[in-house]
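Some notes on the structure that comes next.
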There are 2 protein chains.
Amino acid sequence: MARATVQDVAKTAGVSVGTVSRVLNGSPAVSESSKAKVAAAIRQLNYRPLASARDLRRDRTMRILALAKNLYSPVISEVFRGAGDAAARSGYVTLIAPTAGDPEREQQLVDMLRNGSVDGLIMFSPTMPDEDVGDMAEQLSVVQVCEIADAEAAFGVSIDDRQAAFDMVRHLIETGGRRLAMIGTRAARSGRLREEGFRKAVAEAGLSPDQMLFTDGDFDFHAGRRLARELLGARPLPDAVFCGSDTVAAGCVREITDAGLRVPGDIAVAGFDDSIQAEMCVPELTTIRQPAYAMGQLAFEALLARMTEPEGHRRGRTFLPHELIVRDSTNG
Amino acid sequence: MARATVQDVAKTAGVSVGTVSRVLNGSPAVSESSKAKVAAAIRQLNYRPLASARDLRRDRTMRILALAKNLYSPVISEVFRGAGDAAARSGYVTLIAPTAGDPEREQQLVDMLRNGSVDGLIMFSPTMPDEDVGDMAEQLSVVQVCEIADAEAAFGVSIDDRQAAFDMVRHLIETGGRRLAMIGTRAARSGRLREEGFRKAVAEAGLSPDQMLFTDGDFDFHAGRRLARELLGARPLPDAVFCGSDTVAAGCVREITDAGLRVPGDIAVAGFDDSIQAEMCVPELTTIRQPAYAMGQLAFEALLARMTEPEGHRRGRTFLPHELIVRDSTNG
DNA sequence: CTGTTAGCGCGTTCAG
DNA sequence: CTGAACGCGCTAACAG
């Protein structure tokens, strides 16, 4: 059978479409008897308002979209959980889509905001240039999370990656590190900021970095192993390695251990994110905790303000505090 | 400035809305000159067709929704990547949403199919009863993946969980296991099937299971540790443990190791999924590989058939082959 | 409190 | 090849 419409419901209930619509939208100006009749008809016909018709008429969808390169990341999934919970409290549905780091697919997804498929957008480390993000933020309801483009109009929620890296490297130095190395990435803005923090801490201590390794690939376990192998080929060996993620740090620890050296005895290793990987690793990883869930919540709040207050009240950039978690992979 | 419509484009280009629409949809029956004029006007006005209006008119959205309890799972993210790639090839956008295991939120998301927000649905271990899944599959475009409800109309793509568990437990027995234990879950259908496979293999070998531990919570690392601790309190100790996921197995290995016993020397441990956790664990885990990406692809193909061929061609249940990966956590 | 009606923006007839 | 006009299903404004 074909899908029922308001017309059908109205006919079955013996009222007008206006009344049906009022019941549907909880208008108080409806008699109890009408309400009951409409409710009965809706149940009988198994009626559901058609989303596209409603969205067209209301000019909004009550849906937002969250974009990330990939979903299998403890930080991303936690951020989106926070955003999703906050959104739900305001009646919004949060949809998630992976871009796979493909600019074309990213563009297609961003178009969903432009063509009104969703009301707002949360972006996690976009592949597009900062300038484009700024232009978008200028006219559309977009908020970034964990990384904020270096553009006037861009706004979002993040930790201070530079400071977090600085704090971690200082911890490595305070616990005996003298030949410092870093395994990071320059592909992401947050990675570049962490590198800055690393360099600053090393310089302030009057040391010079012996090795600096970077990868433009993903922050995965195998990359960690591969880069640690390079590190182990260097002389003199580093005695402390700062990694851009727990997963990379786990790979690094594994490679060092397999080579017969001890962590942290011979080489201390630090991670980033405080994901479950940090606890799964042996020894458990010293790391930086990002308040991912809270960041997601705040990102949605900011987005909501942007969506509901057309031009004003841009909350700007919000930075949340990070936390140094000392475990067993450094000489705590 | 307000959003441009086909009307605006038509006026700017000096043609009718019909012509604009034809250009938009690539109709061949348009002169080159009209095409050029319309293209110019579209660019000038930065015009995008409004999704809700188009969806209403066309009665479809070219979007599908993929549901899972949580996103931070190597299998789920890989399945959805496969589904997303296949969908993209057919012009569909794949949206993903976590249910958090909350029936209410799950229902709200499923309603997106009922109200036409999306054209199809891929479900990953739903919380709703099999019967409800069957009812849905009867009338709506729904396909399950990794787990298929025990209902006439339900269909989807999965491995044979029962057989996979059987194969793994037989491997444990063939490599010396005599006192077999399992850490699984009865909350999910796949978990119950794996338990069946476990019991069958133990029975066929003429052994009896010494311990059987189950949790209704998530398959996470901490659960693995906690349950392994219970296992270690039993006498006689098991000499082989089959776990329902790599993550649980990693927790199990960690607890055993911390207790001063050796894996696999004292107790062999097996995982499931062949996720990156299996390689991160020390010793690396023997596990079962699920062809997750391919399962996602096939799930979408099945869904596409369901969406485009109203009633016929239900592909039914598709089972893909699994693979036993022997690594170092069992006496391979 | 209720019914009627006018669009929302678009795709698609049907004439020409 | 093109333009005019209708209606998808719904909400909201207006009259009663």
Side-chain angles (χ1 to χ4, degrees), chain A residues 1-39 41-42 45-63 91 111-119, chain B residues 1-39 41-42 45-63 91 111-119:
Chain A
M1 90 207 156
R3 155 174 218 105
T5 73
V6 268
Q7 304 284 353
D8 302 326
V9 175
K11 197 177 302 174
T12 308
V15 299
S16 74
V17 294
T19 298
V20 174
S21 179
R22 276 185 285 264
V23 172
L24 248 27
N25 297 291
S27 162
V30 185
S31 71
E32 284 306 321
S33 91
S34 290
K35 221 178 286 187
K37 281 188 291 186
V38 170
I42 287 177
L45 299 175
N46 192 25
Y47 167 78
R48 313 267 167 160
L50 189 69
S52 54
R54 170 179 280 193
D55 293 346
L56 172 60
R57 193 49 233 242
R58 289 191 172 158
D59 197 29
R60 66 193 169 128
T61 64
M62 298 306 281
R63 294 186 293 250
D111 275 342
M112 289 185 62
L113 177 59
R114 294 204 142 90
N115 72 22
S117 291
V118 295
D119 296 340
Chain B
M1 90 206 155
R3 145 173 230 110
T5 72
V6 269
Q7 304 282 354
D8 303 326
V9 175
K11 198 177 301 174
T12 308
V15 299
S16 73
V17 295
T19 299
V20 174
S21 180
R22 277 184 282 266
V23 171
L24 248 27
N25 296 291
S27 162
V30 186
S31 71
E32 285 305 322
S33 90
S34 290
K35 221 178 284 185
K37 282 190 291 188
V38 170
I42 287 177
L45 299 174
N46 193 25
Y47 167 77
R48 312 266 168 160
L50 189 70
S52 54
R54 170 179 280 194
D55 293 347
L56 172 59
R57 195 45 234 244
R58 289 193 174 155
D59 197 28
R60 65 195 169 126
T61 65
M62 298 306 281
R63 292 186 295 251
D111 275 343
M112 289 185 63
L113 177 59
R114 294 204 143 92
N115 70 22
S117 291
V118 294
D119 296 340

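Within every chain, numbering begins at 1; the chains are lettered A, B, ... in the order of the sequence lines, protein sequences first and strands thereafter. Every heavy atom of this structure was used, including side-chain atoms; hydrogens, water molecules and symmetry mates were not. Since this is a predicted model, take the numbers as computed values, not measurements.
Heavy atoms of Thr19(B) sit under 4.0 angstrom from primed sugar atoms or phosphate atoms, though from no base atom. As judged by a 4.0 angstrom heavy-atom cut-off over every strand, Val15(A) is placed among residues touching the sugar-phosphate backbone only. Nucleic acid contact class of Asn25(A) (heavy atoms, under 4.0 Å, all strands): sugar-phosphate only. Note on Leu56(B): a base of the nucleic acid sits closer than 4.0 angstrom, heavy atoms only. Asp59(B) comes within 4.0 angstrom of nothing in the nucleic acid, heavy atoms only.
For Arg54(B), a side-chain nitrogen or oxygen approaches OP1 or OP2 of dG11(C) to under 4.0 Å. Under 4.0 angstrom from either OP1 or OP2 of dG9(C) there lies no side-chain N or O belonging to Thr5(B). Note on Ser52(A): every side-chain N or O is 4.0 Å or more away from OP1 and OP2 of dG9(D).
Look at NZ on Lys35(B): it is 14 Å from C1' on dT2(D), rounded to the nearest Å.
In the model, Ser117(B) has a side-chain atom that pairs as donor or acceptor with a side-chain atom of Asn115(B) under 3.5 Å. With no hydrogens or angles considered, no side-chain donor-acceptor pair links Thr61(A) and Asp55(A) at under 3.5 Å.
Between Arg58(A) and Ser16(B), the residue anchored closer to the 5' end of DNA chain D is Ser16(B), taking for each the nucleotide with the nearest heavy atom.
Between the side chain of Arg22(A) and the base of dG3(C) there is at least one donor-acceptor pair of N/O atoms closer than 3.5 Å.
Out of dT2(C), dC10(C), dT12(C), the shortest distance to the side chain of Ser21(B) is found at dT12(C).
Contact check for Thr5(B) versus Asp8(B): side-chain heavy atoms found under the 4.5 Å cut-off.
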